[in-house]
Every structure is written in structure tokens, then in C-alpha cells.
Amino acid sequence: MKTNLKNLGLVLLASFAMVSCSDDSAEGNHIPSATEFNNLKQAALDNITQNFTLVAENGSTSFTSDKGVQFTINGACLTKNGNPVTGNVAIEYAELFDGGTMLVTDKTTMGRMPNGDMTLLISGGEFYINATQDGVDLEITCPIQLLIPSTLTGGADTGMTLWDGTIDEDGNLDWDRQDQNPAGQNNIFVEGTGVNAPYYAFFNAFGWTNVDRFYSDPRPRTTILAEAPTGYHFENSAIYLHYDGEANALAKLDTYNDTTDQFSEHYGQIPIGLECHVIFVTEENGQWRYAIKSATIAAGDVYTFTLSETTVGSEAQLVAAINSLP
């Protein structure tokens, strides 16, 4: 009788161990490839990309986006391989104003400081504009103009400047501040007075442009680390940081240590005492698997995610979850 009870206990213990492993590791679950995860982010960007057409000979042509941003391109200034363009031109346009959309498209607001380190930017809108003809990227020799309703950004902020976006070798969108020109090229200003006065922006190149300022916080700062569930790493998952109270911004733990399997914000720019949410995301059979942890930052924090803490949902559900954070 003792032997039977002992065997039964061993069976129950083994069963519990199997359940625990299933909950807290990727074993037995779908492990996405880097391609599957990247395709999910690209699909999110495709979902917000708007398409327009202009005729180069018509000169300046204005378009209004789904959210009410007006942008103007002068067709007479377009060139292809150094030659003036004639005929129809395809325009691609995307706009991002909220943290949820920034996350699913992986278009965060991390700006380069004078010393080369990256830190959080508060965004007045991220914009992608490109012009092509017969599949060939075009260039422009005079400014593109944006009129941005500041109601989309929580009100006008005279501290905003323009930033150029580039995709680095790890796929991160990094922002570098544009040189300011008082003549109105590569510049931004608020038209009129009041919190709802619109922004006017002028810049001279296609690609990614951001209306931003550095996040300001006087508290001492620290570096934080985070660990994804077993089987998830820098190529098939990501970890982001939502600063509570800053809906128009999103930071990213943009480096990874292959030895420790840890994501890092290695610049030491996270304010100690910051109330925030740490967010793990990956792909799961064409949907998003994610977990969101509330946190108050302490020096040298390490945040660990387990598979049992995650949920699977659609892009819309994840965007809504991020945008509902404080």
C-alpha cells in the first residue's frame, strides 16, 4: 500500500512539473521565426499605409490623410535618377500618433543625444512619405509641407523640432534631429496661438520624419534588463517600455545579450521611480502573443516574462491594450 501511494505521488509530481514547463517555457508551443515576426510587423505597417497619386506637371498637389493631416508635394521638384519627372507618381504615406500603433509597426520614439546615446522622445507624429514611378524611388529638390492638427498630439508644443528616421542594422527606427533653418526649410512652427494651433512642417527628403522633443525628467537614471520566455529572443520577439502619462511615445529595449539572453536599455536613461509598463510581444500563428507588466523603476531592475503570463490576440486588441494604459 505504501508503494502504491508513493508511485501515485511520483505520478502527480511529474504531472505538475509537465504543466509548469508548459506554462513557463516555449516547449511544445509554436516558436516563431524571425521572418514570421517581421511579417507581422510589416502587415501592421501596411494596414496604416495610405496611397495617393499626383501628376508631376500639375505642380503643387495637396492631400489630406485619414486623420486630417494635410501634406503638399510639388511635382515640378521631383526627379528620377537626376532627371525631371513627368506623368503619374505614386505616393505612399503613413502616420503614427499613438503608442499602440507605434508598437505593432515597431516604429518607436528613440532619439539620438549629442553623445550618441538613445533616449525617449515625445512625439507630435511620425510620418512616412515616399514617391515612386514605375517602382523607382524619386527624389525632391524643394520642401515637402505638412499641416498637422495639434488636436492629434494633445495640443501644440512650441518645443517640438523635426527628426529624420533611419532603420539601423538591427531593424530599429532611430531618430536624429534635423538642423534648423530659420528660412523655413527643414523647420517646424506653430501657426497661431492656443493649444489647438496647428503645426506647419517643412523638410527636403522622402522617408521617415518625426515631430519630437526629448522627454524631460530630473530624476537620477538607470539601466534596466528584461528576459523573454524560453525560446524567445531578439529576432523573434521584442520588449518595449510605455512611460505612464506619455501616450505619444514608446521606448524599446533595443539591444540583446546572447550570453545572458537579456534585452537591455543599455544607455542608462530610464528615470528611477518612473511608473511605466514593460511589454513583451511576439508572433503566434499570425496573431500577437503579448504580456504587459506594470512597474515602478528601481536601479538595475530585471524584468522576467514567462509564457504563462502572455495572452494571444489580434493586432486591434494589442493596440487597444497599449492605448488604454495610463
Distance-only polar pair, side chains of [X] and [Y], donor-acceptor under 3.5 Å:
X	Y	result
N38	Q42	no
H266	T255	yes
S314	Q287	no
T101	D98	yes
S308	T306	yes
D164	Q178	yes

>> Taking the ring centre of each residue, are F263 and Y240 less than 6.0 Å apart?
In response: no
>> Can you confirm whether or not the ring centre of F206 sits under 6.0 Å from the ring centre of Y128?
In response: no
Looking only at heavy atoms, what is the nearest atom pair of [X] and [Y], with distance?
X	Y	answer
G231	N236	O-ND2, 3.3 Å
T72	S62	OG1-OG, 2.7 Å
A228	S237	CB-OG, 4.3 Å
L120	A249	CD1-CB, 4.0 Å
I148	G124	CG2-O, 4.1 Å
A94	L45	CB-CD1, 4.4 Å

> Which pairs with one or both residues in residues 240-299 pass disulfide bond (SG atoms under 2.5 Å apart), sequence neighbours excluded?
Replying inline: none
>> Show every disulfide bond (SG atoms under 2.5 Å apart) that has at least one partner inside residues 130-165, sequence neighbours left out.
In response: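 Every disulfide bond (SG atoms under 2.5 Å apart) pair that includes a residue of residues 130-165, provided the two are not neighbours, is C77-C142.
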Spatial distance of atom [atom1] ([X]) from atom [atom2] ([Y]) [nearest 0.5 Å]:
X	Y	atom1	atom2	result
L274	T296	CG	OG1	8.0 Å
F63	I91	CZ	CD1	5.5 Å
I129	I73	CD1	CD1	5.5 Å
I279	H242	CD1	NE2	7.0 Å
L325	L250	CG	CG	10.0 Å
T132	N88	OG1	CG	11.0 Å

> Which is it for R219 and D217 under the salt bridge (Lys or Arg N to Asp or Glu O under 4.0 Å) test, yes or no, and what are the steps along the way?
Replying inline: CA-CA 6 Å; R219 291 174 290 189; D217 192 310; 2.7 Å; yes
Counterpart residues, ring-ring contact (aromatic ring centres under 6.0 Å, His included), relative to [X] (two or more places apart):
X	result
W163	F214
Y303	none
Y243	Y215

> Under the side-chain hydrogen bond (donor to acceptor under 3.5 Å, both in side chains) rule, what pairs show up with a residue in residues 269-286, not counting sequence neighbours?
Replying inline: H30-E283, R221-Q269, D244-H277, E284-R289
For the hydrophobic clusters of this structure (ILVMFWY residues joined by side-chain heavy atoms under 4.5 Å, transitively), does one cluster hold both [X] and [Y]?
X	Y	result
F305	V312	no
L173	I122	no
M160	F97	yes

>> Quick check on side chain to side chain contact (heavy atoms under 4.5 Å, CB included): which of Y290, Y232, F280 does T310 satisfy it with?
In response: F280
> How far apart are the C-alpha atoms of L78 and L54, what are their side-chain angles, what is the distance that settles it, and do they pass the side chain to side chain contact (heavy atoms under 4.5 Å, CB included) test?
Replying inline: CA-CA 11 Å; L78 295 173; L54 65 77; 4.1 Å; yes
Hey, does the side chain of [X] reach the backbone of [Y] with a donor-acceptor pair shorter than 3.5 angstrom?
X	Y	result
Q50	D66	yes
S150	G155	no
N172	D174	no
D301	A298	yes
D117	M113	no

> Of the options T108, T109, T153, N210, which is the one that meets S123 in a side-chain hydrogen bond (donor to acceptor under 3.5 Å, both in side chains)?
Replying inline: N210
> Does Q133 have any side-chain contact (heavy atoms from CB on, under 4.5 Å) partners at least two apart in sequence or in another chain, and if so, which?
Replying inline: K80, V85, V89, L138
>> Tell me whether the rings of Y93 and F127 are parallel (<30°), tilted (30 to 60°) or perpendicular (>60°).
In response: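 Because their plane-to-plane angle lies in the 30° to 60° range, the rings of Y93 and F127 count as tilted.
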>> Checking T166 now: which residues fulfil side-chain hydrogen bond (donor to acceptor under 3.5 Å, both in side chains) with it, not counting sequence neighbours?
In response: none
Any non-hydrogen side-chain atom of [X] less than 4.5 Å from a side-chain atom of [Y]?
X	Y	result
V281	I239	no
P271	I297	no
D254	D170	no
L241	K252	no

> So which residues get pulled into Y267's cluster when ILVMFWY side chains under 4.5 Å apart are joined, directly or through others?
Replying inline: M110, M118
> Can you list the other members of the hydrophobic cluster that holds L225, where links are side-chain heavy atoms under 4.5 angstrom apart?
Replying inline: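 Result for L225 is V302.
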> Can you list the residues that meet the salt bridge (Lys or Arg N to Asp or Glu O under 4.0 Å) rule with K107, with sequence neighbours excluded?
Replying inline: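 With sequence neighbours excluded, K107 shows a salt bridge (Lys or Arg N to Asp or Glu O under 4.0 Å) to no residue whatsoever.
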>> Give me each pair satisfying salt bridge (Lys or Arg N to Asp or Glu O under 4.0 Å) with a member in residues 193-216, each pair once, sequence neighbours excluded.
In response: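 Sorted pair list: D157-R213.
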> Can you tell me if CD on E139 sees more than 12 non-hydrogen neighbours from other groups inside 6.0 Å?
Replying inline: no
> Should Y256 and D261 be marked as a side chain to side chain contact (heavy atoms under 4.5 Å, CB included) after you check the CA-CA gap, both sets of side-chain angles, and the distance that decides it?
Replying inline: CA-CA 7 Å; Y256 186 77; D261 293 328; 3.2 Å; yes
>> For T64 and V69: C-alpha separation, side-chain torsions, deciding distance, then whether side chain to side chain contact (heavy atoms under 4.5 Å, CB included) applies.
In response: CA-CA 6 Å; T64 301; V69 174; over 6 Å; no
>> Evaluate N47 against V104 for side chain to side chain contact (heavy atoms under 4.5 Å, CB included), listing each step before the verdict.
In response: CA-CA 11 Å; N47 288 341; V104 295; over 6 Å; no
>> Does this structure show an ion pair linking E309 with K293, if we count only N-O contacts that are shorter than 4.0 Å?
In response: yes
